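Every chain is numbered from 1 and lettered A, B, ... according to where its sequence line falls, protein lines coming before strand lines. This structure is a prediction, so every number in the text was calculated from the model and none was measured.
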Amino acid sequence: MNDNTDTSDTGNNNSGTSLNFIEQFIQEDISNGKNNGRVHTRFPPEPNGYLHIGHAKAICLDFGSAEKFGGKCNLRFDDTNPTKEETEYVESIREDIHWLGFDWEDREFFASDYFDRLYDFAVDLINRELAYVDDQTSEQIAGQKGTPTRQGEESPFRKRSKEENLDLFRRMNEGEFPEGSRVLRAKIDMSSPNMHMRDPVIYRIIKRAHHRTGNKWNVYPMYDFAHGQSDYFEGITHSLCTLEFEVHRPLYDWLVDRLRTDEYRPRQIEFNRLNLTYTVMSKRKLQELVEEKLVNGWDDPRMPTLSGLRRRGYTSESIRNFIKRIGYTKFEAINDFALLEHAVREDLNIKVSRVFAVLDPVRLIITNYPEGMVEEMEIINNPEDESMGKRKVPFSRELFIERDDFMEDPPKKFFRLGPDREVRLKGAYIVKCTGYKKDETTGRLEEIYCEYDPETRSGGPAANRKVKGTLHWVSAPHAVDAEVRLYDRLFNDEDPAGRKDHDFKEFLNPDSLNVLNGCKLEPSLADVKVLDKFQFQRLGYFCADKDSKQGKPVFNRTVPLRDTWSKVIKK
RNA sequence: UGCUUCGUGGUGUAACUGGCAACACGUCUGACUCUGGAUCAGAAGAGUCCAGGUUCGAGCCCUGGCGAAGCAACCA
């Protein structure tokens with residue numbers, strides 16, 4: 001019980017950061033002594049697919065606000081429809097929530113845990129003449145329901161006696177009637193301006209094994225009949241959901257009010273769902289991409305699923321930071337993918353080693369460097385964090401450099417290699433280009449010849465000589481071959497799902513995946529572990545893929561480095 | 001021609017409940033640099049959907065418009 005001693009500030013006094021509108025509501029409820037100041041939330045996924053970053057927004061709110069106010073958050077699988085749900089998804093959902101960094105301790109529940117109590121409540125409503133069995137087809141019921149602008153009419157079965165209703169409902173559950181032949185409806189108001197209050201269906205017959213209750217039941221509760229009640233059973237104080245459930249709230253309250261026996265009552269509050277540019281976020285659409293093999297599974301690194309983002313190389317911290325920044329409102333917003341990219345770069349920048357990798361290699365030969373000689377160059381792992389130390393990288397007469405780091409006839413602002421030009425090889429020497437060889441028929445550049453200046457070795461006497469460019473390199477005899485997968489946005493349109501009259505798949509980006517083979521990596525990357533992350537110097541952040549084999553790594557590009565040069569050449 | 005909710009720089013959010021519209025991303029400069037990265041410094045960019053009203057003062061309050069989204073699954 002907190003009266004208004006000194007906790008009555010409504011403003012942003014809580015842990016320094018300002019509260020979003022939902023947290024303000026919670027704060028008020030606490031100040032008003034509602035539910036004895038208790039805060040208890042829940043995250044209620046339906047186990048019918050993989051979690052995506054939109055779910056992460058909900059997870060962060062559900063777990064985050066509980067944590068913020070010293071409360072608890074339950075995990076509850078909303079498994080009221082046995083035709084869609086599978087145990088496989090339960091596992092992946094648990095894994096993804098844990099990966100994000102949240103924990104529900106021993107509070108893992110299933111809506112199906114409450115089937116008995118829900119059934120009893122339905123019987124109770126029948127007894128109170130607040131529910132009835134309707135024998136009509138779904139088409140007939142829909143017809144009588146009216147439209148948003150035209151009110152509904154009452155079912156001919158609405159006045160059925162409670163004895164008959166009791167009997168029929170019991171026999172529905174005993175399997176006596178076929179699917180679709182009868183439903184149980186709440187008796188509310190067919191003339192309500194809110195469609196959801198027009199005698200909503202609360203139980204339907206489904207003769208299908210449930211992933212947890214098997215064949216015990218032949219009737220299953222609808223979402224609206226399960227959700228608020230489950231909240232009530234679990235002692236949830238704040239039931240947070242997305243905006244489209246706004247119109248369900250009166251029904252939520254109506255049911256809970258007929259169930260509850262005390263002052264306590266859970267409160268539903270709605271917030272805007274996450275939309276991201278250049279992708280789609282609905283489970284149905286993501287499923288379509290998977291089923292039509294337009295992507296390689298739910299964890300394809302181009303997918304906005306948590307498993308996809310994880311495989312792409314996103315860290316959970318970066319996702320949580322992103323979500324912290326976009327906030328929660330009641331306005332349907334579309335967030336810039338660039339902000340998510342910024343969040344990963346920011347996180348990886350401080351965490352990850354810089355290594356040498358050449359994606360499109362061309363051979364560079366240092367003609368005045370002794371044949372057979374190998375020097376171990378000492379390279380700083382991360383200039384942002386000295387404690388990450390240094391490592392040795394072998395340097396020799398023949399190297400690989402990036403093909404586009406050389407131009408025969410470079411434009412003014414090109415700082416890289418060209419005839420007679422000098423560049424620094426990062427961590428090694430300054431070299432000067434003395435010539436190059438092209439294939440006579442194709443005109444393709446084959447080899448570049450340079451001379452090095454031994455005095456310019458990093459740390460050496462002439463090391464401070466200024467040259468315009470610095471290139472990354474890999475020693476040819478030591479190089480590890482790798483496959484590298486470059487990803488681009490999955491769709492070309494900012495809002496592929498938002499275009500009426502167009503199928504979202506019309507906007508798929510044909511170049512969203514670019515697989516490179518024969519990439520050359522420095523030898524320290526020969527045996528990376530799946531999910532190991534690096535910055536490939538000058539290129540971007542990369543993450544080892546699960547397809548990696550011993551000595552033959554496969555990397556995914558998480559995100560390129562910010563690149564002002566590519567903007568210059570576009571002009 | 002109904003109900004519910006929402007309209008703040010290009011994008012996403014703030015504005016201590018009436019006091020000079022702030023922050024982040026993005027964009028553009030410049031400095032620095034052995035990553036054209038990172039970092040640092042700076043700039044441009046909205047006068048808060050429109051019109052009235054209350055007030056010394058309105059993004060916040062009132063009235064009326066306009067616009068957008070959700071709602072007619074035996075899905076969640």
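Annotation: G7(B) and A44(B) have their C1' atoms spaced 25 Å apart (nearest Å). Comparing G53(B) with C3(B), their P atoms are spaced 28 Å from each other, to the whole Å. Here, U39(B) and G9(B) have their C1' atoms 26 Å apart, quoted to the whole Å. Remark: the separation of the C1' atoms in A68(B) and U29(B) is 37 Å, to the nearest Å.
The salt bridge (Lys or Arg N to Asp or Glu O under 4.0 Å) test with Glu422(A) is passed by exactly one of Lys432(A), Lys466(A), Arg465(A): Arg465(A).
In terms of modelled atom types and a separation under 3.5 Å, the side chain of Arg424(A) and the main chain of Thr456(A) share a donor-acceptor contact.
By the 5.5 angstrom centroid cut-off and the 30-degree plane limit, Phe415(A) is classified as stacked against the base of G36(B). Both thresholds, 5.5 Å between centres and 30° between ring planes, are met by Trp565(A) relative to the base of G36(B), so the two rings are stacked.
Put simply, Arg204(A) has a side-chain N or O that comes within less than 4.0 Å of OP1 or OP2 on A76(B). The phosphate of C75(B) (OP1 or OP2) has no side-chain N or O of Lys283(A) nearer than 4.0 angstrom. At the phosphate of C25(B), OP1 or OP2 sits under 4.0 Å from a side-chain N or O atom of His342(A).
For an aromatic pair to be called close, the ring centres must be under 6.0 Å apart, and Phe21(A) with Phe271(A) fails this. Separation of the Phe115(A) and Phe110(A) ring centroids does not fall under the 6.0 Å cut-off. Centroid-to-centroid, the aromatic rings of Tyr203(A) and Phe225(A) come within less than 6.0 Å.
Searching all strands for a Watson-Crick or G-U wobble partner of A68(B) with both distances below 3.5 Å returns U5(B). As the counterpart of C20(B), no nucleotide is assigned, since no Watson-Crick or G-U wobble pattern has both distances under 3.5 Å. For C28(B), the paired nucleotide is G42(B), the pair qualifying as Watson-Crick or G-U wobble because both relevant distances are below 3.5 Å. If you check U63(B) for Watson-Crick or wobble pairing at under 3.5 angstrom, you find it paired to A51(B).
Candidate nucleotides A76(B), G70(B), A14(B) were compared by shortest atom distance to the side chain of Thr80(A), and A76(B) ranks first. For Val247(A), the side-chain atoms get nearest to U4(B) when compared with the rest of A76(B), U4(B), C34(B). The Val183(A) side chain lies nearest to C74(B) when the options are G37(B), C74(B), C34(B).
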